[in-house]
Amino acid sequence: MAQKTDISVVINGKVYMLSGFEGEEYLQNIASYINGKITECRTSEQYRRMNSEYQGMLLSINIADDYFKAKTRADSVAKDDSEKEQQLYDLRHEVIESQIKHEAALKLVEEYKEQVNQLQKRIVQLEAEKDRK
């Protein structure tokens, strides 16, 4: 079982204790991401005029927006991956069918060669009989 990690991080100039079963680097990345979103929001004059409750809500909305965009991209990649797996399966199936047809054709060629050989022997026999007569 994973060990719980407790780490102090600075978010928006304040120290917070983050806990989780992920590593320290992951938890630091979360804090860094939140700080980046805060910095991004602060570039807006409207954001700076809002009270802290509205600022928090706008920050939450921006984070949720990032989440849903990332989820949509991930779902699209997963769907694309599934389609590619199906195409790969279909291609492998076609290759196997082609190999079977190729092997059958080779067998048929060998049978025809044998028939040609037998017919050539028969021609030689008939010509020999014709010459004897």
Side-chain angles (χ1 to χ4, degrees):
M1 187 164 166
Q3 188 174 1
K4 190 172 183 180
T5 302
D6 295 321
I7 183 173
S8 295
V9 295
V10 177
I11 298 175
N12 199 23
K14 296 180 184 171
V15 177
Y16 294 92
M17 180 64 70
L18 291 185
S19 295
F21 291 100
E22 296 82 4
E24 286 185 22
E25 184 179 351
Y26 177 83
L27 296 173
Q28 283 290 354
N29 284 339
I30 289 174
S32 177
Y33 172 79
I34 292 171
N35 282 321
K37 290 310 274 184
I38 291 170
T39 301
E40 183 182 315
C41 287
R42 281 187 179 153
T43 62
S44 166
E45 185 65 37
Q46 287 180 318
Y47 178 83
R48 290 187 298 229
R49 289 189 208 147
M50 294 178 181
N51 66 35
S52 62
E53 181 181 348
Y54 280 104
Q55 286 178 344
M57 184 54 64
L58 184 60
L59 182 63
S60 297
I61 289 169
N62 275 277
I63 291 170
D65 179 53
D66 287 351
Y67 166 78
F68 283 107
K69 286 177 181 173
K71 184 172 180 347
T72 299
R73 282 191 302 270
D75 290 346
S76 176
V77 167
K79 180 182 176 194
D80 192 42
D81 187 43
S82 178
E83 289 171 357
K84 286 186 182 349
E85 283 182 24
Q86 183 61 45
Q87 288 174 350
L88 183 60
Y89 173 82
D90 292 344
L91 288 171
R92 285 180 177 161
H93 187 69
E94 285 180 34
V95 166
I96 290 169
E97 284 180 358
S98 295
Q99 286 174 336
I100 291 170
K101 287 178 182 177
H102 178 72
E103 289 172 7
L106 288 176
K107 185 177 179 181
L108 195 57
V109 165
E110 288 302 316
E111 289 174 8
Y112 288 156
K113 282 181 181 180
E114 183 61 32
Q115 287 178 3
V116 166
N117 192 17
Q118 294 297 325
L119 290 171
Q120 286 175 338
K121 287 180 183 178
R122 180 73 178 135
I123 289 171
V124 169
Q125 284 176 344
L126 290 173
E127 285 177 352
E129 287 177 14
K130 181 179 133 187
D131 287 342
R132 279 187 254 161
K133 289 184 186 181

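Environment of CD in Gln125: crowded, with over 12 heavy atoms of neighbouring residues, nucleotides or ligands closer than 6.0 Å.
Minimum interatomic distance between Gln28 and Ser8 (heavy atoms only, all atoms of both residues): NE2-O, 3.7 Å. The heavy-atom pair separating Gly23 from Thr5 by the smallest distance is CA-OG1, 4.3 Å. For the pair Arg48 and Arg42, the tightest heavy-atom approach, listed with the atom from each and the gap, is NH1-O, 3.2 Å.
In this structure, Val95 shares a hydrophobic cluster with no other residue, the cluster being traced through Ile, Leu, Val, Met, Phe, Trp and Tyr side chains under 4.5 angstrom apart.
The OH atom of Tyr26 lies 13.0 Å from the CD1 atom of Ile7; values are rounded to the nearest 0.5 Å. Ile11 CD1 to Ser32 OG: the interatomic distance, rounded to the nearest 0.5 Å, is 10.0 Å. The distance from the SG atom of Cys41 to the CD atom of Gln46 is 11.5 Å, given to the nearest 0.5 Å.
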Given side-chain contact (heavy atoms from CB on, under 4.5 Å), test Arg122 with Leu126 step by step and report yes or no. CA-CA 6 Å; Arg122 180 73 178 135; Leu126 290 173; 3.6 Å; yes
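Using a 4.5 Å heavy-atom threshold, the side chains of Val9 and Asn35 count as separate.
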Can you give me every donor-acceptor pair (side chain of residues 51-69, partner residue at least two apart or in another chain, under 3.5 Å) with its distance?
{"unit_1": "Asn51", "atom_1": "OD1", "unit_2": "Glu53", "atom_2": "N", "d": "3.0"}
{"unit_1": "Asn51", "atom_1": "OD1", "unit_2": "Tyr54", "atom_2": "N", "d": "2.9"}
{"unit_1": "Gln55", "atom_1": "NE2", "unit_2": "Tyr47", "atom_2": "O", "d": "2.9"}
{"unit_1": "Gln55", "atom_1": "NE2", "unit_2": "Met50", "atom_2": "O", "d": "3.4"}
{"unit_1": "Ser60", "atom_1": "OG", "unit_2": "Gly56", "atom_2": "O", "d": "2.9"}
{"unit_1": "Asn62", "atom_1": "ND2", "unit_2": "Leu58", "atom_2": "O", "d": "2.8"}
{"unit_1": "Asp65", "atom_1": "OD2", "unit_2": "Lys69", "atom_2": "NZ", "d": "3.1"}
{"unit_1": "Asp66", "atom_1": "OD2", "unit_2": "Tyr33", "atom_2": "OH", "d": "2.4"}
{"unit_1": "Asp66", "atom_1": "OD2", "unit_2": "Lys37", "atom_2": "NZ", "d": "2.8"}

What side-chain donor-acceptor pairs closer than 3.5 Å can you find for residues 96-115, not counting sequence neighbours?
{"unit_1": "Glu97", "atom_1": "OE2", "unit_2": "His93", "atom_2": "NE2", "d": "2.9"}
{"unit_1": "Ser98", "atom_1": "OG", "unit_2": "Glu94", "atom_2": "O", "d": "3.0"}
{"unit_1": "Glu114", "atom_1": "OE2", "unit_2": "Gln118", "atom_2": "NE2", "d": "2.8"}

Review item, side-chain donor-acceptor pairs of residues 73-92, under 3.5 Å, at least two apart:
{"unit_1": "Asp75", "atom_1": "OD2", "unit_2": "Lys71", "atom_2": "NZ", "d": "3.3"}
{"unit_1": "Gln86", "atom_1": "NE2", "unit_2": "Asp90", "atom_2": "OD1", "d": "2.9"}

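The salt bridge (charged side-chain N to carboxylate O under 4.0 Å, His left out) contacts involving residues 6-23 comprise nothing, where partners must be two or more places apart or lie in separate chains.
Qualifying salt bridge (Lys or Arg N to Asp or Glu O under 4.0 Å) partners for Arg132, counting only residues two or more places apart in sequence or in other chains: none.
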